[in-house]
S.K.: 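Have a look at this one before I ask anything.
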Amino acid sequence: MKYVPIAILLCPLLLLFSIRPASSAPPPNVIIFYVDDLGWQDVQIEDVDAPCPYETPNLIKLAKSGMMFTQAYSPAPTCSPSRAGIITGQHPAKIKLTHVDLGKVPTARATERLIAPYLQSHLDLDLMTLADAMKQNGYRTGHVGKWHVGLTAASYGFDFVNQTRGIHRGMNDRTKDFATADDRTYPLSKQKYPPRSNKNPDGISYPFDEVTQSAIEFIDDSKQEPFFLNLCHWMVHWPVLTRNGELLEHYCDKFGFPFPPEPGDMTREGQQNPYFAAMTTTVDWSLGRLVEFLQQTDDPRSPGKKLIDTTYIFFTSDNGGAEIRGKEIISDNAPLKYGKKHPEEGGIRVPMVVTGPGIASDSRFQGLVNQLDYFPTILALTQSSISPENFDALSGLDISSVLIGKSQAIRDHAGKERTHLFWHFPHNGPLSMKSAIREGDFKMYQRYDTADYELYRLYRDGQRLDLEEQNDLAKNPEFASVVQRMAATLDAELSANDAEPPYLNPAFQGKTKPSAQITRSSFSASNRRATLAVQESGPAVEQAFVIYAGASAEAPLSKEEQKQKKRLERKMQRRGQASPPVQTNHVAELIGMRLPATIDSDGHSISAVIPEGISAYRFLLVDTNHFLHSSEPLLAK
């Protein structure tokens with residue numbers, strides 16, 4: 001059962017969780033404005049050390065109208081786990097979705113000792129999402145933009161879905177293929193917007209962006225009832241480009257590049273990529289358009305008020321900034337260490353602003369906050385409720401008392417102040433395969449490849465000390481007790497969340513322990529039972545799973561099946577309020593998911609029944625020496 005509907009909570013204790021307290025004001029609206037790969041130093045509200053050269057005037061205004069969080073973190077250093085975490089309120093480690101490689105069997109490289117765990121092809125459909133919760137409490141729900149946790153947002157509680165890329169689509173030549181006033185897809189606006197300069201004193205025009213426009217249309221169509229909008233830009237992710245020629249010229253002038261730029265990679269160090277700068281300012285322009293619409297539009301449920309007066313906006317990014325791709329230098333997270341795909345500060349520390357009813361203007365919070373806190377906080381701010389079972393599954397804490405000025409600290413249900421946050425990233429090779437914990441002034445990493453720890457003191461008594469994470473204190477006797485304490489806390493969190501670590505790689509050329517050897521496999525068409533055996537003289541099987549596949553290389557989709565698949569995908573990408581619910585194929589929901597297989601009593605053979613409709617499968621197993629193995633794709637015939 002996906003979740004416990006409030007309607008069936010009958011006992012008095014459960015009813016305490018299911019009845020919204022009486023209130024004279026209608027429930028407020030909620031918008032999450034989620035940017036892709038926007039680093040902590042890619043906006044003008046932080047400006048640690050050197051000022052940010054990317055112009056974000058609308059975010060500055062937003063920060064002045066609400067609360068800025070100086071130590072805000074994403075749930076993970078990459079896209080999919082952060083998005084899964086924010087939409088379920090559960091830690092990526094807990095829901096086994098810790099990276100972006102969904103449904104891909106990890107590559108076993110001969111040069112690497114460890115191999116990452118397998119990640120299922122999509123977010124578990126049995127998990128309650130924030131959209132489910134809001135819908136259960138009378139909200140109209142919408143998702144616009146990037147989804148990236150498998151299937152589509154239509155499968156996870158959203159009434160309206162438009163997963164368009166909008167303005168952020170590939171270009172043939174990023175140096176000259178700019179939008180024009182009569183462009184059929186991206187016509188330039190007649191209205192002018194910042195930035196303003198001597199060359200453009202009235203501002204510049206912006207190309208049409210379907211992500212922004214679709215979000216505004218959803219708000220306009222939904223304003224008769226409370227709404228929840230999950231607005232997720234594809235920018236400022238790779239590819240680094242812009243269709244806004246005037247905006248690109250503005251930054252070329254600012255950074256000293258010719259316009260149009262020369263073809264090829266941008267390789268100046270620091271924050272000097274004019275394409276990336278243009279993307280950042282375009283996201284800011286989108287934020288400005290959204291806020292402007294809220295400011296100008298009456299709230300029909302609250303006479304005398306505009307929508308801006310009755311709407312909470314959560315602005316943040318899915319992970320730290322991407323710094324380089326190939327030879328192209330995208331941006332720079334300095335003074336933070338590393339960037340996207342690393343659990344160091346540059347990979348998980350993100351900008352965050354929250355505005356809305358009751359939040360003091362131009363306020364800031366210095367404590368530790370995580371996007372996992374959004375789910376319980378939004379429930380509190382909207383006086384919404386879910387079953388105790390689903391509420392207890394949430395990993396974050398309610399920060400609403402901090403937002404509305406009733407507390408200076410984030411506390412759990414028992415009133416205990418938050419002491420730490422933790423991350424788990426068993427992916428991306430030896431340098432990145434780490435779990436991490438932030439506690440007070442300290443940040444510590446458990447390195448899986450070398451089986452040891454790193455410890456950094458980011459602050460001393462709250463004042464900046466080693467934000468760059470350059471001075472490793474792990475082996476300093478003075479800090480032995482800190483390492484011991486934080487390691488115990490991290491171990492407890494990993495255990496409580498059943499975090500899946502990286503495994504030993506059976507293909508590693510330097511392995512010192514034997515690994516299981518797959519000897520044979522078979523499939524019986526009569527009872528659809530698949531079996532696989534490993535060599536009896538080697539390690540036994542400790543864990544076993546089956547992964548269902550669709551068409552395999554040996555049995556590809558026909559041309560007609562490919563057309564049907566594309567039609568269904570297009571249909572699922574955009575679904576408005578007048579559209580009927582999309583009926584997804586149950587078999588499609590099984591593809592790429594990891595299901596338990598049966599281990600025979602001898603420990604050297606495994607089996608699973610393959611459902612009708614599944615044309616291929618593969619086994620995944622872990623042996624008693626902790627090596628992870630996967631079979632080749634096998635046909636169910």
Side-chain angles (χ1 to χ4, degrees), residues 36-37 74-88 90-125 127 146-152 163 232 234 237-239 318-320 322 325-326 338-343 347-348 423-436 448-449 498-508 543 545-550 552-553 569 588-595 616-622 627-633:
D36 198 349
D37 287 1
S74 60
T78 56
C79 165
S80 297
S82 291
R83 293 166 192 273
I86 206 170
I87 205 67
T88 64
Q90 298 192 48
H91 200 287
K94 184 178 180 182
I95 59 176
K96 304 292 187 295
L97 205 161
T98 46
H99 196 21
V100 298
D101 296 328
L102 308 185
K104 296 180 181 178
V105 175
T107 301
R109 297 184 176 90
T111 56
E112 295 181 356
R113 189 177 69 86
L114 300 176
I115 188 170
Y118 173 80
L119 304 178
Q120 299 188 127
S121 58
H122 54 264
L123 183 65
D124 191 336
L125 288 161
L127 296 173
K146 186 171 181 177
W147 180 242
H148 211 194
V149 290
L151 301 179
T152 73
Q163 291 178 210
C232 302
W234 292 82
H237 193 282
W238 184 271
D318 61 352
N319 47 251
R325 180 168 177 134
Y338 299 149
K340 177 182 179 178
K341 298 185 181 180
H342 295 271
I348 56 174
W423 297 265
H424 181 61
F425 192 65
H427 303 279
N428 213 49
L431 184 62
S432 296
M433 278 184 170
K434 299 175 182 177
S435 293
Y448 287 102
D449 188 56
D498 193 25
E500 191 171 10
Y503 295 94
L504 291 177
N505 176 12
F508 179 50
Q543 299 179 65
F545 306 92
V546 63
I547 301 169
Y548 300 144
S552 68
E569 288 173 348
E589 293 176 351
L590 293 175
I591 300 297
M593 300 303 280
R594 187 176 73 173
L595 298 152
Y617 64 95
R618 71 195 308 162
F619 282 109
L620 195 73
L621 60 94
V622 179
F627 285 94
L628 177 67
H629 307 261
S630 63
S631 71
E632 294 298 320

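None of these values were measured; they are calculated from a predicted model.
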S.K.: Atom NZ of residue position K341 - does it have more than 12 heavy atoms of other residues, nucleotides or ligands inside 6.0 Å?
M.R.: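 Check fails, neighbour count at 12 or below.
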S.K.: In Å, rounded to the nearest 0.5 Å, how long is the span from CG of L628 to CG of L621?
M.R.: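 L628 CG to L621 CG: 7.5 Å, rounded to 0.5 Å.
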S.K.: Side chains of R325 and K340: does their closest heavy-atom pair fall under 4.5 Å?
M.R.: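 The answer is no; the side chains never approach within 4.5 Å.
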S.K.: List, one per line, each side-chain donor-acceptor pair under 3.5 Å for residues 76-83, sequence neighbours excluded.
M.R.:
from	atom 1	to	atom 2	distance (Å)
T78	OG1	H99	ND1	3.1
S80	OG	H148	O	2.7
S82	OG	A76	N	3.3
S82	OG	A76	O	3.1
S82	OG	T78	O	3.2
S82	OG	D318	O	2.7
R83	NH2	D318	OD2	3.0

S.K.: Check the orientation of F627 and H629. Use parallel for under 30°, tilted for 30 to 60°, and perpendicular for over 60°.
M.R.: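 F627 vs H629 ring planes: tilted.
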S.K.: If every non-hydrogen atom of T152 is compared with every non-hydrogen atom of W147, which pair is closest and at what distance?
M.R.: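 That would be C-NE1, 3.6 Å.
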S.K.: Evaluate the criterion side-chain contact (heavy atoms from CB on, under 4.5 Å) for residue pair I95 and D124; output intermediate values, then yes/no.
M.R.: CA-CA 8 Å; I95 59 176; D124 191 336; over 6 Å; no
S.K.: Without swapping roles, check the side chain of R113 against the backbone of F508 for a donor-acceptor pair under 3.5 Å.
M.R.: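 Here the side-chain-to-backbone pair does not exist.
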S.K.: As an exercise, state the distance from CG of N319 to CD1 of I348, rounded to the nearest 0.5 Å.
M.R.: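 Interatomic distance, N319 CG to I348 CD1, rounded to 0.5 Å: 10.5 Å.
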S.K.: Please report the closest heavy-atom contact between E589 and M593, naming both atoms and the distance.
M.R.: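 Closest approach of E589 to M593: O-CG, 3.4 Å.
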S.K.: My understanding is that only one of P106, S630, P502 makes a side chain to side chain contact (heavy atoms under 4.5 Å, CB included) with I115; could you say which?
M.R.: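 The single option meeting the side chain to side chain contact (heavy atoms under 4.5 Å, CB included) with I115 is P106.
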S.K.: Any non-hydrogen side-chain atom of D498 less than 4.5 Å from a side-chain atom of K96?
M.R.: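 Yes - at least one pair of side-chain heavy atoms lies under 4.5 Å apart.
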S.K.: Check S432 against N428 and note the closest heavy-atom contact, atom names and distance.
M.R.: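 Taking S432 first and N428 second, the nearest heavy atoms are OG-ND2, 3.5 Å.
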S.K.: Please tell me whether Y617 and S631 have a donor and an acceptor in their side chains that are separated by less than 3.5 angstrom.
M.R.: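 S631 and Y617 do not have a side-chain donor-acceptor pair below 3.5 Å.
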S.K.: Once you round to the nearest 0.5 Å, how far does CD1 of I87 lie from CG of L123?
M.R.: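 Rounded to the nearest 0.5 Å, the CD1-CG separation comes to 9.0 Å.
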S.K.: Could you go step by step and tell me if T98 and H424 meet the side chain to side chain donor-acceptor pair (under 3.5 Å) rule?
M.R.: CA-CA 7 Å; T98 46; H424 181 61; 5.9 Å; no
S.K.: Grab the two heavy atoms, one from N505 and one from A108, that are nearest each other, plus how far apart they are.
M.R.: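 Minimum heavy-atom separation between N505 and A108: OD1-CB, 3.3 Å.
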S.K.: Atom NE2 of H427 and atom CE of M433: how far apart are they, to the nearest 0.5 Å?
M.R.: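 Taking NE2 in H427 and CE in M433, the distance rounds to 7.5 Å.
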S.K.: If I compare all heavy atoms of L431 with all of H342, which pair ends up nearest, and what's the gap?
M.R.: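 Closest pair (atom of L431, atom of H342, distance): CD2-CE1, 3.6 Å.
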S.K.: Quick one: does W423's side chain get under 4.5 Å of P92's, heavy atoms only?
M.R.: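 When only atoms from C-beta onward are counted, P92 and W423 do not touch, as no gap falls below 4.5 Å.
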S.K.: Run the side-chain contact (heavy atoms from CB on, under 4.5 Å) test against R594 and tell me which residues pass, sequence neighbours left out.
M.R.: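 Scan of R594 (side-chain contact (heavy atoms from CB on, under 4.5 Å), adjacent residues dropped) gives Y118, Q120, E500, F545, L620.
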S.K.: Does a side-chain heavy-atom distance below 4.5 Å link T88 with L97?
M.R.: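 T88 does not reach L97 side chain to side chain.
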S.K.: Nearest 0.5 Å, what's the CD1-CZ distance between I547 and R618?
M.R.: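 Those atoms lie 6.5 Å apart.
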